[in-house]
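Presented below is the structure to which this report refers.
The structure presented is a predicted model; accordingly, all values stated were derived computationally and were not measured. Below, read A as the first sequence line, B as the second, and so on, with proteins coming before strands; counting in each chain starts at 1.
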Protein chains: 2
Amino acid sequence: MADQPISEATVGRLPDYLRTLVELAGDDVAGVSSKHLATQVGVNSATLRRDLSALGITGTRGVGYDVKYLLFEISRVLGVHQEWRVAVVGAGNLGQALVNYDGLTQRGFPIVVLFDNDESKVGSIMGGIVVHHVDHMAELVSELGVNVGIIATAAEAAQSIADAFVEAKIVSLLDFTAGPLAVPDHVVVRRVDLATELQILSFYQQRDTAVSGGTGVPLGA
Amino acid sequence: MADQPISEATVGRLPDYLRTLVELAGDDVAGVSSKHLATQVGVNSATLRRDLSALGITGTRGVGYDVKYLLFEISRVLGVHQEWRVAVVGAGNLGQALVNYDGLTQRGFPIVVLFDNDESKVGSIMGGIVVHHVDHMAELVSELGVNVGIIATAAEAAQSIADAFVEAKIVSLLDFTAGPLAVPDHVVVRRVDLATELQILSFYQQRDTAVSGGTGVPLGA
DNA sequence: TAGATTGTTAATCGATTAACAATC
DNA sequence: TAGATTGTTAATCGATTAACAATC
């Protein structure tokens, strides 16, 4: 029943805990110690106990945690018991990949509508979803009960789409474009930028394979 | 010429710096202060100066930093001057979206080969790339000079694909599947998990819209 | 010289983790 | 009671940032 605020780091670990717990439950494991679960997930057991404590989730001293209870509580905290209806803007390759990707629906995030500004795409069906014109975002988002928006357009359009989502009272956005988005404080944006991920990878590779020391060899401009 | 180690946090900010610097250079801005650049990027100016210092990048006291020099040095650190050749495993929707996505090539990460274990896909061309059978990974990865691998298969196949990449001497992997991958220490894996991103978003939304306080209302199991 | 801005020291903050009293 | 494990305190670690001497 602790009342520490829940840190971003803690929230980020919850899906990992959930994933491992689902496996344990599948194997009919009833109880688990913080040490065992932490090892499975790859975190320190004190960190795990602290995370659970922050969520108000308790175990039994000398015994451990009940797997089903953990599963239920973490699911509840993450909102897994609720269905989150997703709108995707951008019916290009990425948008199409998203609507064709079962994983999102399976984990409780069905894509219910796809928007594009290209008239030739409007009206067509992709992954079982009808493509609507972006001009109709406000009405449809409200009508369909959308509560999460995904921006999968070209970078130039991102800000105006974000504005439209905000206008439509969406407060959770996942952005696949690179630039920073200006949104009101109550709107949460998470960014997925594949090229940046690859750049970070290449940084490590370059550093680890570099002939060590020195200011570095200048390459062709 | 500082010799602090470069933190993961610093590396993660480099692409943001780069992006903003590209804009400044485009506007023909020649010099910039840490305060100005930091404001643009949305970080603290001391953090920015510390990051640059850690990379051995210097400015001029009383003046600021030279935009072109910053651009060149950060690019070099990130390996932007090198072409990173990417192999994607999994020619499903995600794999297809990746090969059709120009952004990666534009930022120096051309996908040069696509693998799948589905015989009916092998030999076909997607986004201009020939699909090869996963059994030929080792030879082709070496032949084509691949140095980054992307795992875009179903979750069950991820570990064996990772093993195959490791076998083929690839040390940088981007993984779109959920589970944890076991790889040797010298291999760097970054994970992109869309459902987890959405779960984190829904956590914040649930928390912020919740009727405050209390142990929470139990929902139907 | 006066003004500006870097590069770094020292303070602060927050997150992780060892350690252990509480207690099943 | 003896053994195990939680829940939390206190120590540690690392990253951020204010502040300022160095210096252009």
For this session: Show your reasoning for whether salt bridge (charged side-chain N to carboxylate O under 4.0 Å, His left out) applies to B:R190 and B:D175.
Result: CA-CA 6 Å; B:R190 290 188 69 84; B:D175 177 26; over 6 Å; no
For this session: Kindly say if A:S45 contacts the phosphate of C:dT17, meaning a side-chain N or O under 4.0 Å from OP1 or OP2.
Result: no
Seminar exercise, completed: Between A:V43 and A:T60, whichever has its closest DNA chain C nucleotide further toward 5' is A:V43
Exercise. Between D:dT8, D:dT17, C:dT17, which one does the side chain of A:T47 approach most closely?
Worked result: C:dT17
Problem set entry | Atom pair distance, as rounded to whole Å: CG in B:L52 and C1' in C:dT8 | 14 Å
For this session: Would you mind classifying the nucleic acid contact of B:S34 as base, sugar-phosphate or nothing, using non-hydrogen atoms under 4.0 angstrom?
Result: sugar-phosphate
Exercise. Is B:Y65 near enough to C:dG7 that one of its side-chain N or O atoms lies under 4.0 angstrom from OP1 or OP2?
Worked result: yes
For this session: Whole angstrom is fine here: how far is it from CG in A:L48 over to C1' in D:dT5?
Result: 12 Å
For this session: Any chance you could measure B:L94, atom CG, to A:L98, atom CG, to the nearest 0.5 Å?
Result: 8.5 Å
Problem set entry | Between C1' of D:dT5 and CZ of A:R49, the distance in whole Å | 7 Å
Exercise. When you check the side-chain N and O atoms of B:T196 and A:R107, is any donor under 3.5 Å from an acceptor?
Worked result: yes
Exercise. Over how many whole Å does the gap from A:E8 atom CD to D:dA15 atom P extend?
Worked result: 17 Å
Exercise. Shortest non-hydrogen contact from B:W84 to B:P110?
Worked result: O-CD, 3.3 Å
Exercise. Between A:G62 and A:R13, who's closer to the 5' end of DNA chain C by nearest nucleotide?
Worked result: A:R13
Exercise. What's the closest nucleotide to the A:S33 side chain, out of D:dT16, D:dT5, C:dT17?
Worked result: D:dT5
Exercise. Which whole-number value in Å describes the distance from A:L55 CG to D:dG7 C1'?
Worked result: 14 Å
Problem set entry | Watson-Crick or G-U stems involving DNA chain D, each at least 3 pairs long, distances under 3.5 Å, ordered by first number | C:3-24 with D:3-24
Exercise. Can a donor-acceptor pair under 3.5 Å be found between the side-chain atoms of A:R61 and the base atoms of D:dT5?
Worked result: no
For this session: Calculate the interatomic distance between B:K35 atom NZ and C:dG3 atom C1'; express it in whole Å.
Result: 14 Å
Problem set entry | Note, A:L70 side chain near A:Y17 side chain (heavy atom, < 4.5 Å) | no
Protein-nucleic acid N or O pairs under 3.5 Å, nucleotides 9-11 of chain C:
from  : atom 1 : to    : atom 2 : distance (Å)
C:dT9 : O4     : B:R50 : NH2    : 3.2

Problem set entry | Atom pair distance, as rounded to whole Å: CG in B:D51 and C1' in C:dT6 | 15 Å
Exercise. CG/B:L114 to CD/B:Q96 distance, rounded to the nearest 0.5 angstrom?
Worked result: 8.0 Å
For this session: Would you mind classifying the nucleic acid contact of B:A46 as base, sugar-phosphate or nothing, using non-hydrogen atoms under 4.0 angstrom?
Result: base
Exercise. Is a side-chain donor-acceptor pair under 3.5 Å present for B:Q159 with B:D163?
Worked result: yes
Exercise. If you check every side-chain atom of A:S7, which of D:dT6, C:dA18, C:dA15 has the closest atom?
Worked result: C:dA15
For this session: Specify the separation, in whole Å, of atom CG of B:L70 and atom P of C:dT6.
Result: 10 Å
Problem set entry | A:Y204 versus B:E8, side-chain donor and acceptor atoms under 3.5 Å | yes
For this session: Give a yes-or-no answer on whether the side chains of A:S53 and A:R49 include a donor-acceptor pair shorter than 3.5 Å.
Result: no
Problem set entry | Check: A:Q40/A:T20 side-chain N/O donor and acceptor closer than 3.5 Å | no
